[in-house]
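Reading through the structure tokens given below for one structure.
Start at 1 and go down the list; that is how both ligands and their atoms are numbered.
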Amino acid sequence: MTATPAPSTPGSTVPLRIAVLASGRGSNLQALIDAQRDGTLAVEIVLVASDKPHAPALQRATEAGLATQGLDPKRYLDRASFDAALFDAVASSQPDLIVLAGFMRILDPAVLAPWVGRIVNIHPSLLPKHRGLHTHRRAIEAGDTMHGASVHYVTAELDGGPVIAQAAIPVESGDTPESLAMRLLDEEHRLLVASIALLATGRISLQGPTVLCDATPLTAPLQLDANGSLRREPA
Ligand code: GRF
């Protein structure tokens with residue numbers, strides 16, 4: 001396996017250039033925008049792109065004065081040509097890192113390949129549990145006592161790439177998919193911001209299938225603590 005360069009160099013003072021892809025309401029995007037604005041996240045959001053030209057996420061980006069690109073898949077012959085057009089637009093913005101924040105499409109592996117190691121996703125489950133859709137309902141139906149969210153590197157395997165970090169919450173008796181999703185959302189926002197902060201300072205990288213944190217392999221995903229910091233699990 002070849003080593004994938006870290007998107008940022010440790011100690012660098014240049015903000016990480018990120019492109020965010022979002023299909024829906026954009027609350028995770030908003031968390032990144034807010035953290036960038038209040039100085040807790042050293043990134044420059046160079047583009048917000050969507051497969052839904054009327055997505056609220058694009059509206060949030062416009063209100064924040066960010067560059068946007070909305071492409072409609074119906075205008076393309078097939079999935080591969082849409083993905084190629086989308087990623088051409090993304091590449092033009094010259095990001096160091098692509099962040100999928102509620103981006104609800106499976107990407108063409110050929111389009112994805114050049115970006116592996118420089119593209120991450122936030123998924124609302126404790127991966128490897130509950131890949132795909134309806135994660136909150138499936139966690140309740142499975143009788144899980146804990147649920148959560150994961151930030152992971154994106155590979156051709158749906159929600160199957162190496163996991164960087166997770167936030168966990170208890171499933172409470174009487175939880176519905178909606179109540180669980182709502183409680184998790186705040187944690188998702190904190191998890192995404194904390195994970196991108198580590199990537200932005202060059203402390204996280206991917207080497208083959210292994211996530212490195214401070215140049216040391218992770219044997220388990222980092223865990224979000226009550227202060228919003230990411231920690232290694234105690235050995
Ligand atoms: C989040 O739950 C995220 O984990 C999932 O899609 C949802 C997007 O929410 N991938 P938002 O658009 O960021 O509000």
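- You'll find the side chain of Leu47 reaches within 4.5 Å of the side chain of Gln69, heavy atoms only.
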Output side-chain donor-acceptor pairs under 3.5 Å for residues 209-216, partner residues at least two apart or in another chain, one line each.
from: Asp214; atom 1: OD1; to: Arg203; atom 2: NE; distance (Å): 2.8
from: Asp214; atom 1: OD2; to: Arg203; atom 2: NH2; distance (Å): 2.8
from: Thr216; atom 1: OG1; to: Asp214; atom 2: O; distance (Å): 3.3

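- Proximity of Ile18 to Gln36: side-chain heavy atoms (C-beta onward) are nowhere separated by under 4.5 Å.
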Are any protein N/O atoms closer than 3.5 Å to the N/O atoms of ligand 1? If there are, list each pair with names and the distance to one decimal place.
from: ligand 1; atom 1: 2 (O); to: Glu188; atom 2: OE1; distance (Å): 3.1
from: ligand 1; atom 1: 2 (O); to: Glu188; atom 2: OE2; distance (Å): 3.0
from: ligand 1; atom 1: 4 (O); to: Glu188; atom 2: OE1; distance (Å): 2.6
from: ligand 1; atom 1: 9 (O); to: Arg25; atom 2: NH2; distance (Å): 3.2
from: ligand 1; atom 1: 10 (N); to: Ile122; atom 2: O; distance (Å): 3.1
from: ligand 1; atom 1: 12 (O); to: Arg25; atom 2: N; distance (Å): 3.4
from: ligand 1; atom 1: 12 (O); to: Gly26; atom 2: N; distance (Å): 2.8
from: ligand 1; atom 1: 13 (O); to: Ser27; atom 2: N; distance (Å): 3.3
from: ligand 1; atom 1: 13 (O); to: Asn28; atom 2: N; distance (Å): 2.9
from: ligand 1; atom 1: 13 (O); to: Asn28; atom 2: ND2; distance (Å): 2.9
from: ligand 1; atom 1: 14 (O); to: Arg25; atom 2: NE; distance (Å): 2.5
from: ligand 1; atom 1: 14 (O); to: Arg25; atom 2: NH2; distance (Å): 3.4
from: ligand 1; atom 1: 14 (O); to: Ser27; atom 2: N; distance (Å): 2.8
from: ligand 1; atom 1: 14 (O); to: Ser27; atom 2: OG; distance (Å): 2.5

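- Using a 4.5 Å cut-off on side-chain heavy atoms (C-beta onward), Met146 and Val171 make no contact.
- Between Arg190 and Glu187 there is a salt bridge, since a side-chain N of the basic residue sits under 4.0 Å from a carboxylate O of the acidic one.
- Looking only at side-chain heavy atoms (C-beta outward), Leu224 and Leu230 come within less than 4.5 Å of each other.
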